[in-house]
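Values below: every heavy atom of this structure, side chains too, minus hydrogens, waters and symmetry copies.
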Amino acid sequence: MGGLKDELLKAIWHAFTALDLDRSGKVSKSQLKVLSHNLCTVLKVPHDPVALEEHFRDDDEGPVSNQGYMPYLNKFILEKVQDNFDKIEFNRMCWTLCVKKNLTKNPLLITEDDAFKVWVIFNFLSEDKYPLIIVPEEGFSIEYLLKKLTEAMGGGWQQEQFEHYRINFDDSKDGLSAWELIELIGNGQFSKGMDRQTVSMAINEVFNELILDVLKQGYMMKKGHKRKNWTERWFVLKPNIISYYVSEDLKDKKGDILLDESCCVESLPDKDGKKCLFLIKCFDKTFEISASDKKKKQEWIQAIHSTIHLLKLGSPPPHKEARQRRKELRRKLLAEQEELERQMKELQAANENKQQELESVRKKLEEAASRAADEEKKRLQTQVELQTRFSTELEREKLIRQQMEEQVAQKSSELEQYLQRVRELEAMYLKLQEALEDERQARQDEETVRKLQARLLEEESSKRAELEKWHLAQQQAIQTTEAEKAELEQQRVMKEQALQEAMAQLEQLELERKQALEQYEGVKKKLEMATNMTKSWKDKVAHHEGLIRLIEPGSKNPHLITNWGPAAFTQAELEEREKSWKEKKTTE
């Protein structure tokens with residue numbers, strides 16, 4: 001029940017953060033009331049509308065005001081959830097609340113339904129840590145998902161491409177959110193050369209396996225138990241059951257094949273006109289099934305056999321086992337990290353204790369040096385006093401030599417003891433010098449470590465400067481591109497102006513051509529009229545010439561020449577007159 005509660009909280013977290021518009025961690029009670037009512041509805045949790053209104057009253061009373069929404073959610077909703085609700089409907093409700101706020105506006109190669117399935121898969125693979133992310137640097141969940149999608153699309157996994165993506169991931173981010181994962185899959189970076197339908201089918205296949213526990217599905221023929229007829233059914237294999245339906249829409253379920261460790265699957269030879277046969281033996285029934293081809297037959301036998309084998313071992317499905325391994329590895333890494341932090345703290349504490357001990361030794365050495373200096377001062381003072389005393393008693397020595405020899409012997413013994421004390425002090429002084437030398441060496445080591453840290457900081461600063469330089473170069477390249485774009489835009493405007501001027505000249509030429517054509521048509525009409533008139537004139541001349549010929553015999557005096565006779569105009573004169581008349585008409 002704890003695992004189900006954790007999975008439900010991931011989707012509810014997305015819905016809650018979508019309602020938190022100003023990212024303050026607070027949502028109005030009216031919105032929380034609607035969210036709680038919808039959760040109770042889709043999770044099939046019994047609830048009293050009147051009590052719900054009381055819980056979310058707009059005052060400082062009630063469980064929400066006193067304890068906060070998270071304890072309320074756990075106590076009144078999640079602790080009452082049973083595993084009898086529609087998980088897809090629940091996820092769809094939470095998805096509807098958060099998709100419009102978070103889904104990118106950039107065009108994607110996947111549909112919104114595919115994006116919803118990627119969102120559900122993200123919640124399944126992400127760790128129980130908020131805000132929900134997947135860390136690309138670790139690579140477990142993202143690499144696993146992308147590999148599954150690539151296999152479902154029938155392509156080969158490009159490990160180098162994924163390593164390049166992981167290296168170039170923005171270090172300022174803690175990890176990849178659900179919406180960034182949707183954009184990563186939707187922009188086609190890891191599905192180049194694949195069409196939208198292939199990517200959608202791959203997402204649906206991975207969704208069925210990871211979320212719906214569908215290990216395999218497809219159409220096959222099944223032999224009836226009573227009428228012994230063969231009927232096509234849509235089979236769906238899950239970790240402990242095979243269900244078969246009329247069609248792939250899963251609306252009309254015809255039966256189930258319950259799998260346990262006593263079941264087995266066997267290949268059958270072709271018979272009765274049916275090929276690619278295999279048999280599923282259960283405790284009380286056997287099922288004869290015919291696949292569409294030998295490849296599908298082998299795939300189904302292998303899938304069913306693997307499922308029964310996992311049931312015998314008591315192991316979960318492969319995707320859940322892989323997820324559990326990833327969680328255990330994640331916990332192990334966190335434990336190692338915590339252990340490393342604990343050891344660092346212990347080393348730091350030990351270092352501080354060592355520093356305190358060194359400081360205590362230094363103070364003791366300083367005190368010992370001070371005492372030695374005082375004793376040396378006393379020794380010198382005593383020596384001066386002795387010298388003074390020896391000088392004053394030197395004159396008396398001659399008189400009382402024997403007495404002085406005894407005193408000298410006594411003083412010599414005292415001096416020997418004093419020198420022994422001085423030697424002890426000198427030995428202590430040498431030890432003090434060694435301790436001071438050790439302290440100096442420790443300070444040099446500390447200075448070396450400090451210089452190393454400074455050098456590392458300087459290297460980090462140089463790397464940051466280099467990254468800034470790359471960023472500035474990229475900005476300059478963008479500015480250069482913008483300048484080139486502006487220049488091209490100016491050239492395009494100039495060309496458009498030149499094109500408009502050429503179009504204007506073309507229109508002017510077209511107008512002049514039309515005017516010339518109209519003039520030509522006018523001249524042509526005038527020429528046709530002149531031609532018609534010329535023809536008419538010729539007809540008249542011919543007519544008059546005929547009349548002249550008819551009248552000609554009437555003249556009896558050959559010397560009388562009239563204007564109407566044949567010799568009135570010569571042929572050359574007639575042609576000249578006709579030519580001048582045509583030119584006149586043409587000129588008109």
Can you tell me how far [atom2] of [Y] sits from [atom1] of [X], rounded to the nearest 0.5 angstrom?
X	Y	atom1	atom2	value
Leu8	Leu73	CG	CG	9.0 Å
Ser243	Lys254	OG	NZ	13.5 Å
Asn240	Leu237	CG	CG	9.5 Å
Ile185	Ile110	CD1	CD1	6.5 Å
Leu39	Phe76	CG	CZ	14.5 Å

Exercise for the section: List in chain and number order the residues that pass side-chain hydrogen bond (donor to acceptor under 3.5 Å, both in side chains) with Arg92, two or more places apart in sequence or in another chain; answer none if no residue qualifies. Expected result: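 Asp113.
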Exercise for the section: May I ask you to test the Trp300-Ile280 pair for a side-chain heavy-atom distance under 4.5 Å? Expected result: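 Answer no - side chains too far apart.
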Practice task
Using a 4.5 Å cut-off on heavy atoms from C-beta on, say whether the side chain of Met70 contacts that of Leu9.
Solution key: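 Leu9 vs Met70: side chains touch.
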To check you understand the geometry: which heavy-atom pair defines the closest contact between [X] and [Y], and what is its length?
X	Y	value
Arg233	Thr231	NH1-CG2, 3.1 Å
Phe90	Val42	CD1-CG2, 3.9 Å
Ala18	Leu97	CB-O, 3.5 Å
Asp260	Ile308	O-CG2, 3.8 Å
Lys44	Pro46	O-CD, 3.7 Å
Leu268	Lys297	O-NZ, 3.5 Å

Practice task
Go through the steps to decide whether Cys282 and Leu258 satisfy the test side chain to side chain contact (heavy atoms under 4.5 Å, CB included), and finish with yes or no.
Solution key: CA-CA 8 Å; Cys282 295; Leu258 298 178; over 6 Å; no
Within 6.0 Å of [atom1] in [X], more than 12 heavy atoms from elsewhere:
X	atom1	value
Gln490	CD	no
Lys281	NZ	no
Met220	CE	yes
Glu336	CD	yes
Lys285	NZ	no
Arg492	CZ	yes
Glu339	CD	yes
Lys87	NZ	no

Handout entry: Residue list, ring pair (Phe, Tyr, Trp, His ring centres under 6.0 Å) with His225, at least two apart or on another chain
Key =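 For His225 the ring pair (Phe, Tyr, Trp, His ring centres under 6.0 Å) partners, ignoring immediate neighbours, are Phe287.
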Problem - Under-4.0 Å salt bridge between Glu53 and Lys33 - result: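 Salt bridge present between Glu53 and Lys33.
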Exercise for the section: Determine whether the side chains of Asn123 and His14 contain a donor N or O and an acceptor N or O closer than 3.5 Å. Expected result: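 Asn123 vs His14: donor-acceptor pair found between side chains.
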Handout entry: Flag for Gln475-Gln479: side-chain donor and acceptor within less than 3.5 Å
Key =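 There is no such pair (donor and acceptor under 3.5 Å, judged by atom type) between the side chains of Gln479 and Gln475.
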Handout entry: Side-chain (Ser200) to main-chain (Arg196) donor-acceptor, under 3.5 angstrom
Key =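 A pair under 3.5 Å: no.
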Practice task
Using atom types as modelled and distance alone, determine if a side-chain donor or acceptor of Asn208 lies under 3.5 Å from a backbone N or O of Asn204.
Solution key: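 Checked: pair present.
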Problem - side chain to side chain contact (heavy atoms under 4.5 Å, CB included) between Asn91 and Trp119, worked out - result: CA-CA 9 Å; Asn91 282 296; Trp119 178 77; 4.1 Å; yes
Exercise for the section: Just say parallel, tilted or perpendicular for the rings of Tyr244 and Phe235, cut-offs at 30° and 60°. Expected result: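 Aromatic pair Tyr244/Phe235 classed tilted.
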Practice task
Report the C-alpha distance between Asn38 and Thr41 in whole Å, list the side-chain angles of each, state the deciding distance to 0.1 Å, and finish with yes or no for side chain to side chain donor-acceptor pair (under 3.5 Å).
Solution key: CA-CA 5 Å; Asn38 292 335; Thr41 302; 5.2 Å; no
Exercise for the section: Check the pair Ile304, Thr307 against side chain to side chain contact (heavy atoms under 4.5 Å, CB included), reporting the backbone distance first and the verdict last. Expected result: CA-CA 5 Å; Ile304 297 172; Thr307 303; 5.6 Å; no
Output side-chain donor-acceptor pairs under 3.5 Å for residues 462-471, partner residues at least two apart or in another chain, one line each.
from	atom 1	to	atom 2	distance (Å)
Ser462	OG	Glu459	O	2.6
Arg464	NH2	Glu460	OE2	3.1

Exercise for the section: List the steps and the verdict of side chain to side chain contact (heavy atoms under 4.5 Å, CB included) for Tyr69 and Val27. Expected result: CA-CA 9 Å; Tyr69 185 66; Val27 179; over 6 Å; no
